[in-house]
Amino acid sequence: MNILIVLTSHDKLGDTGEKTGFWLEEFAAPYYRMLDAGVELTIASPAGGQPPLDPKSDAPDAQTDATQRFNADTAAQAVLAGSRVLAELHSNLQAGR
């Protein structure tokens, strides 16, 4: 089984200039649940590459077992940093690849 996880590429909250992005716990908890179950995962975002992290989600009071595991997991960080371009995945599906 292969599951696609799609994260944002948006890094600013409207016109406020405040940084935003994906919430670390909302990624890390299901990522490890599925990974530990042997599921093949594909990570994608509209722009590809490193999706922006909402800095508030990495604050000390937002830490959980899953976020702490992620912060210590260089392999998972590399997978995230290399997220696929979402449109390219869509094109591959249409072409039957």
Side-chain angles (χ1 to χ4, degrees):
M1 177 185 314
N2 189 342
I3 294 179
L4 174 64
I5 298 177
V6 179
L7 298 171
T8 188
S9 291
H10 194 75
D11 65 352
K12 291 187 184 66
L13 192 59
D15 294 335
T16 66
E18 186 175 342
K19 292 184 181 230
T20 191
F22 74 94
W23 196 262
L24 184 55
E25 168 66 12
E26 291 177 351
F27 167 73
Y31 175 82
Y32 285 117
R33 189 71 168 279
M34 291 183 282
L35 189 69
D36 292 346
V39 174
E40 185 178 336
L41 298 170
T42 300
I43 312 299
S45 61
Q50 179 69 54
L53 174 67
D54 186 314
K56 293 177 184 174
S57 74
D58 204 23
D61 64 342
Q63 296 304 300
T64 65
D65 290 343
T67 61
Q68 290 171 354
R69 181 177 174 186
F70 177 80
N71 287 329
D73 186 346
T74 56
Q77 292 169 26
V79 168
L80 182 66
S83 79
R84 308 271 308 271
V85 176
L86 189 58
E88 290 175 3
L89 293 176
H90 180 72
S91 295
N92 288 342
L93 288 173
Q94 287 182 329
R97 294 180 262 168

So which pairs with a foot in residues 49-72 pass ring-ring contact (aromatic ring centres under 6.0 Å, His included), sequence neighbours left out? Phe27-Phe70
Can you find a pair of side-chain heavy atoms, one from Phe22 and one from Ile5, that are under 4.5 Å apart? no
What closest approach, in Å, do [X] and [Y] show between heavy atoms, and which atom pair accounts for it?
{"X": "Ala47", "Y": "Val85", "answer": "O-CG2, 3.8 Å"}
{"X": "Pro46", "Y": "Leu7", "answer": "CD-O, 3.2 Å"}
{"X": "Pro52", "Y": "Asp11", "answer": "CB-CB, 3.6 Å"}

Partner set under side-chain contact (heavy atoms from CB on, under 4.5 Å) for [X], not counting sequence neighbours:
{"X": "Ala29", "answer": "Glu25, Ala66"}
{"X": "Thr42", "answer": "Asn2, Leu4, Arg84, Leu89"}
{"X": "Asp58", "answer": "Leu24, Leu53, Gln63, Asn71"}
{"X": "Leu35", "answer": "Tyr31, Tyr32, Leu41"}

Hey, can you pull the donor-acceptor pairs under 3.5 Å for the side chains in residues 14-21, sequence neighbours left out?
{"from": "Thr16", "atom 1": "OG1", "to": "Leu13", "atom 2": "O", "distance (Å)": "2.5"}
{"from": "Thr16", "atom 1": "OG1", "to": "Glu18", "atom 2": "N", "distance (Å)": "3.0"}
{"from": "Glu18", "atom 1": "OE2", "to": "Lys56", "atom 2": "NZ", "distance (Å)": "2.7"}

Interatomic spacing from CG in Asp73 to OG1 in Thr67 - rounded to 0.5 Å: 12.5 Å
For Asp61, all residues meeting salt bridge (Lys or Arg N to Asp or Glu O under 4.0 Å), sequence neighbours excluded: none
Residues 38-51 vs salt bridge (charged side-chain N to carboxylate O under 4.0 Å, His left out), sequence neighbours excluded, gives none
Joint hydrophobic cluster, Met34 plus Val79, side-chain heavy atoms closer than 4.5 Å: yes
With sequence neighbours excluded, what pairs up with Ser83 under the side chain to side chain donor-acceptor pair (under 3.5 Å) test? Ser45
Side chain to side chain donor-acceptor pair (under 3.5 Å) filter on Arg33, not counting sequence neighbours, yields none
